[in-house]
Amino acid sequence: MLHQPAAAAMDQLLYFHNASSGRMSQHHYDPWDTNTSTVTTSDLSPDETVNPWDIILCVTGTIMACENAIVIAILFYTPTLRAPMFILIGSLALADLFAGVGLIVNFVVLYVFNSEVATLSSAGLLLAAFSASVCSLLAITVDRYLSLYNALTYHTERTLTFTYIMLILLWALCICIGLLPIMGWNCVREQSSCSVLRPVTKNNAAVLAVTFLLLFALMMQLYLQICRIAFRHAQQIAVQHQFMATSQASSTRKGVSTLSLILGTFALCWIPFAVYSLVADSSYPMIYTYSLVLPATFNSVINPIIYAFRNPDIQKSLWLACCGCIPPRFLSGPRTSSDV
């Protein structure tokens, strides 16, 4: 059973209250009704605690913002990290940084500036940030695939100009998605059309969920192709040298485990929430939404670890920034920009 004061606040994450005239709702609020959506912060007495789910999301957003800010600072102040792969990692970090800021802003909107414009703006920021995060992950996947499939021409075809143009188009699309709630694509005036993430409508949520599942299917297909290409390269090396070199076998296993980690983490964090968005609506208990939104936000906490902090070149820059030295293991051999 939920803590009862928290049940009133729980319905407020990305949810617009049923007060279109700007005045507080006049009907009686039942604190035992977890589906009530007309409560404002003025209805909460001073001795009632803030919803713990909102606190957890705010803390998660703070962690996301801090660690992704570190990634962006390293990429910005290290001139050698200007390859297309690092630009894409920077785009991912920037998207997750905005997502973290969006969670913090959403918390402030819920309990301080509870207004229609603020709620719609907060929802738009979260939509744009998480859309950019997923799209950046897809761009990184495509880049890794092309770096193996067109290994000989990759460095001439994948120029920085091409990468920047692709990212500009990507971010323009995501910003347009974020503007949808403010431009009228919301359920403020028609509560029955709300999805589990108010003020997003059920139809818009379904479109976003289906699009996400299609993107995930595309990512999975690309990573399967990457595994096939990697094993084919390993077999060619084995034929040339009459044996499978130990280092090559180890590298192949490491690559497969990394791809499994990437796909597994992404699927566990996002797919349950995407499927739930398709089948559920605003009448479902809010605890279900919170328990599925939280893992989705954790994906942006894990992204810097998988894509940035595990990269040897970024690790080397981080060591230089923190202690002014480079551990010997980073001097043992050359690395590629896509080595993760």
Side-chain angles (χ1 to χ4, degrees), residues 12-16 57-58 60-69 71-72 87-110 113 115-140 163-188 194-216 219 266 269-270 273-274 277 289 292-301 303-304 307:
Q12 298 176 7
L13 176 66
L14 285 178
Y15 298 76
F16 181 74
L57 285 173
C58 184
T60 303
T62 304
I63 297 173
M64 289 164 51
C66 291
E67 62 178 353
N68 284 287
V71 175
I72 293 174
I87 302 300
L88 296 176
I89 291 176
S91 173
L92 175 63
L94 183 62
D96 289 335
L97 171 63
F98 283 143
V101 172
L103 291 175
I104 299 172
V105 170
N106 185 74
F107 182 86
V108 175
V109 168
L110 287 178
F113 304 109
S115 66
E116 177 178 341
V117 175
T119 303
L120 293 177
S121 300
S122 174
L125 175 60
L126 288 171
L127 277 176
F130 282 113
S131 297
S133 179
V134 173
C135 290
S136 295
L137 289 174
L138 177 62
I140 291 175
T163 303
Y164 282 125
I165 293 175
M166 180 181 65
L167 289 180
I168 289 174
L169 295 176
L170 182 153
W171 276 91
L173 173 63
C174 295
I175 291 174
C176 290
I177 294 175
L179 290 175
L180 291 179
I182 302 177
M183 296 174 63
W185 294 63
N186 58 66
C187 59
V188 169
C194 285
S195 68
V196 294
L197 286 180
R198 301 177 193 170
V200 179
T201 64
K202 288 187 290 187
N203 291 336
N204 291 344
V207 171
L208 291 174
V210 171
T211 302
F212 165 80
L213 293 175
L214 292 176
L215 291 179
F216 174 76
M219 288 178 58
F266 190 70
C269 290
W270 276 106
F273 177 67
S277 299
T289 302
L292 293 175
V293 166
L294 192 59
T297 60
F298 279 163
N299 186 70
S300 294
V301 177
N303 280 340
Y307 292 94

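Here the side chains of Leu127 and Leu180 are not in contact, with every heavy-atom distance at 4.5 Å or above. Using a 4.5 Å heavy-atom threshold, the side chains of Leu94 and Asn68 count as separate. When side chains are defined from C-beta on, Leu197 does not count as touching Leu126, because their heavy atoms never get closer than 4.5 Å. Leu120 places a side-chain heavy atom less than 4.5 Å from the side chain of Pro199. The shortest side-chain heavy-atom distance between Ile87 and Leu167 falls under the 4.5 Å cut-off. Between Phe216 and Val134, the closest side-chain pair of non-hydrogen atoms is not below 4.5 Å. Side-chain contact between Leu208 and Ser277 is absent, with no heavy-atom pair separated by less than 4.5 Å. A 4.5 Å side-chain heavy-atom check between Asp96 and Val71 finds every atom pair outside the cut-off.
For the atom pair CG (Leu169) and SG (Cys174), the distance works out to 11.0 Å, reported to the nearest 0.5 Å. Between atom CG of residue Leu57 and atom OG1 of residue Thr62 there is a gap of 10.5 Å, rounded to the nearest 0.5 Å. Here Asn299 contributes atom CG and Asn303 contributes atom CG; the two are 4.5 Å apart, rounded to the nearest 0.5 Å. Distance SG/Cys58 to CD1/Ile63: 10.5 Å, rounded to 0.5 Å. The distance from atom OG1 of Thr289 to atom CZ of Phe273, rounded to the nearest 0.5 Å, is 7.0 Å. With rounding to the nearest 0.5 angstrom, the SG atom of Cys269 is 9.5 Å from the CG atom of Leu294.
Nearest heavy-atom pair across Ile72 and Gly90 is CG1-O, 4.5 Å. What you find for Leu92 and Tyr307 is that their closest heavy atoms are CD2-CD1, 3.7 Å. Taking every heavy atom of both residues into account, Gly102 and Ser122 meet most closely at O-OG, 4.1 Å. The two residues Leu170 and Ala139 have their closest heavy-atom pair at CD1-CB, 4.4 Å. When all heavy atoms of Glu67 and Val301 are compared, the pair lying nearest together is OE2-O, 2.6 Å. Residues Met64 and Thr297 approach most closely at SD-O, 3.6 Å, considering heavy atoms.
The number of heavy-atom neighbours closer than 6.0 Å to CH2 of Trp171, taken from other residues, nucleotides and ligands shown, is above 12.
Taken together, the cysteine pair Cys187 and Cys194 places its SG atoms within less than 2.5 Å of each other.
Side-chain N or O atoms of Ser136 include one that pairs as donor or acceptor with a backbone N or O of Ala132 at under 3.5 Å.
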Before you tell me yes or no, could you show the steps for Phe298 and Thr60 under side chain to side chain contact (heavy atoms under 4.5 Å, CB included), namely the whole-Å CA-CA distance, both residues' side-chain angles and the distance that decides it to 0.1 Å?
CA-CA 7 Å; Phe298 279 163; Thr60 303; 3.7 Å; yes
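Taking the ring centroids of Phe212 and Trp270, they lie under the 6.0 Å cut-off.
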